[in-house]
Q: 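Let me give you the structure first, and then I'll get to my questions.
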Amino acid sequence: MIWNETKECMSRDELTAMQSARLVKLVDYVYHNVEFYRKKMQAVGLLPGDIKDINDICKLPFTTKDDLRDNYPFGLFAVPNSQIVRVHASSGTTGKATVVGYTRYDLDVWAECVARCLTMAGVSKDDIIQVAYGYGLFTGGLGAHSGAEKIGATVVPMSTGNSKKLTTMMLDFGVTAIACTPSYLLHIAELLENEGVVDQIKLKTAICGAEPWTEKMHRDIESRLNIHAHDIYGLSEIMGPGVACDCRFHKGLHVCEDHFYPEIINSATMTPQTVGETGELVFTTLTKQGIPLIRYRTKDLTSIDYAKCECGRTSARISRFKGRVDDMLIIRGVNVFPSQVEAALTEVPEVTPHYMMIVDRVNNLDTLEIQVEVDNKYFTDEIRGLEALTKKIGHTITQALGLSAKIKIVEPQTLVRSEGKAVHVIDKRKLY
Ligand code: DLL
């Protein structure tokens, strides 16, 4: 909810005026504090004074994940490290992670945005919430945690990886809300069903995100656990969870537009889509200090609606995500690019460049198998040698992706060769 001074929802005109003022300030800020943006603006003959209101945003250059990678680790930071109080990181397209930094102010804004999302989902200080997103470099755990603390809920920082403890505590503590990925929640539902204790839980609300999920999964979670499930969106480059969330009417995700300005573009022509048309979501961080980003291309596909919602909120809503422009996969909540696998395999001299990633979902948990073709001479080695090689490849992959995979060495010449664009992924997950 974005309030004006009289504590009513801001009108769109008020909001637009606020966004304009913030954009003008932001452009001046990045021009003077981030060499990357100064050079990009100079390259097109743009000065900060040329940006007079939010409509001028289309004059500004785009930013991509590769720009973060090329400036690894701190090159896009607008403040010295003495003002950065936290860093997070997510997968880059190859090798290096993309790193983001937060000032104390940024962390406050982040907690505020997540608090709004939780409030939208009906969570309050009276709730006991299990945060079962991963804590660490991933933004999910700590991000959801801070927002839940801000509204005064009782936070149980579960993180990921111990489902039995989670279900036991859910029952023993009388947990009323949970924040985790939708696939993990389906897994938890299954465990509770197998234990025959679904009717004993006190759970009312789930705040799920970090990966794509369908309406059908949404309904399934709600009916199996008898709860309300909400869709929360975010990405580490922009902030983490809390960029947008859906309210009880579930008619799209309300964007925290006073902090993150959304645009929908046609990624082929790089021009704006008309309202309601699907395209790539682009964000400008209007208030960030640590790593402010201008027109960041999320690669996520959605559409936007500016009509006032039945809940009374005036903020723009983006539709449930319809996919991505690039080939990024999300496996067990971890972002994975096939190019990372390719880069990792080049570190193993015995391996040829032919590989296939097979992604599946078993008992609502994602699995990854990587089939790798090795050189003839290694394949004919005795089985002990193959085992050692499988281990070696597995270790290299785990290091590169931050995710373990089952490695299967296949006979030379067995993986399909493509005549066009090589196909390296078979995603069998039924996003039902
Ligand atoms: O996944 C942040 C997050 C944590 C969001 C917890 C929600 C809950 P990254 O690891 O940088 O950040 O991955 C960002 O995940 O570009 C989308 O492709 C995808 N994604 C995130 N939320 C949703 C969602 C976090 N609700 C990438 N629906 C994004 C569909 C989502 N995809």
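Hydrogens, waters and symmetry mates play no part in the numbers below; they use all other heavy atoms, side chains included. Read the numbers this way: they start at 1 and go in the same order the structure lists the ligands and their atoms. Computed from a predicted structure; not experimentally measured.
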Q: Look at atom 19 (C) of ligand 1 and say which protein heavy atom is nearest, naming residue and atom and giving the distance to 0.1 Å.
A: Ile330 CD1, 3.4 Å

Q: Between Trp213 and Asp231, is there a donor-acceptor pair closer than 3.5 Å when you use the side chain of the first and the backbone of the second?
A: no

Q: For the pair Asp106 (side chain) and Gln289 (backbone), establish whether a donor and an acceptor sit closer than 3.5 Å, ignoring hydrogens and angles.
A: yes

Q: For Ser236, take its heavy atoms, then give the atoms of ligand 1 lying under 4.0 Å from any of them.
A: 9 (P), 11 (O), 12 (O)

Q: Report all side-chain donor-acceptor pairs from residues 393-400 shorter than 3.5 Å, counting only partners two or more places apart or in another chain.
A:
| unit_1 | atom_1 | unit_2 | atom_2 | d |
| --- | --- | --- | --- | --- |
| Thr396 | OG1 | Lys392 | O | 2.8 |
| Thr398 | OG1 | Gly394 | O | 2.8 |

Q: Ring centres of His424 and Tyr355 under 6.0 Å apart?
A: yes

Q: Can you tell me which residue and heavy atom of the protein come closest to atom 27 (C) of ligand 1, and the distance to 0.1 Å?
A: Met328 CE, 4.0 Å

Q: Do me a favour and list the nearest non-hydrogen protein atom to atom 29 (C) of ligand 1 with residue, atom name and distance?
A: Asp300 OD2, 3.2 Å

Q: Which atoms of ligand 1 are found less than 4.0 Å from any heavy atom of Gly140?
A: 4 (C), 6 (C)

Q: Using a strict 4.0 Å threshold on nitrogen-to-oxygen distance, state whether Arg324 and Asp300 make a salt bridge.
A: yes

Q: With rounding to the nearest 0.5 Å, note down the distance linking OG in Ser315 to OH in Tyr306.
A: 11.5 Å

Q: Looking only at protein heavy atoms, which one is nearest to atom 13 (O) of ligand 1, and how far off is it?
A: Asn335 ND2, 3.1 Å

Q: Would you sort out whether Leu68 and Tyr296 count as a side chain to side chain contact (heavy atoms under 4.5 Å, CB included), showing the intermediate values?
A: CA-CA 10 Å; Leu68 272 90; Tyr296 181 74; 3.8 Å; yes

Q: List ligand 1 atoms under 4.0 Å from Asp231, heavy atoms only on the residue side.
A: 24 (C), 26 (N)

Q: Among Cys180, Gly323, Pro241, Pro182, which residue places a heavy atom closest to atom 3 (C) of ligand 1?
A: Pro241

Q: Please list the nearest protein heavy atom to atom 25 (C) of ligand 1 with its residue and the distance rounded to 0.1 Å.
A: Gly234 O, 3.5 Å

Q: Please write down residue, atom name and distance for the protein heavy atom closest to atom 31 (C) of ligand 1.
A: Glu211 N, 3.7 Å

Q: Would you mind running through ligand 1 and noting each atom that sits below 4.0 Å from a heavy atom of Arg324?
A: 16 (O), 18 (O)

Q: Does the Lys NZ or Arg CZ of Lys288 fall within the cation-pi geometry relative to Tyr102 - under 6.0 Å from the ring centre and within 45° of the axis?
A: yes

Q: Going by the order shown, which atoms of ligand 1 are within less than 4.0 Å of some heavy atom of Phe321?
A: 28 (N), 30 (C)

Q: Distance check, rounded to the nearest 0.5 Å: Arg320 atom CZ versus Leu301 atom CG?
A: 15.0 Å

Q: Checking a contact table here: which protein heavy atom is nearest atom 7 (C) of ligand 1, and how many Å away?
A: Ala210 N, 3.2 Å

Q: Please step through salt bridge (charged side-chain N to carboxylate O under 4.0 Å, His left out) for the pair Glu257 and Arg12, ending with a clear verdict.
A: CA-CA 10 Å; Glu257 266 190 287; Arg12 281 229 68 85; 2.7 Å; yes

Q: For Phe138, take its heavy atoms, then give the atoms of ligand 1 lying under 4.0 Å from any of them.
A: 1 (O), 4 (C), 10 (O), 25 (C)

Q: Return a yes/no value for Ile232: is any of its N or O atoms, backbone included, closer than 3.5 angstrom to an N or O of ligand 1?
A: yes

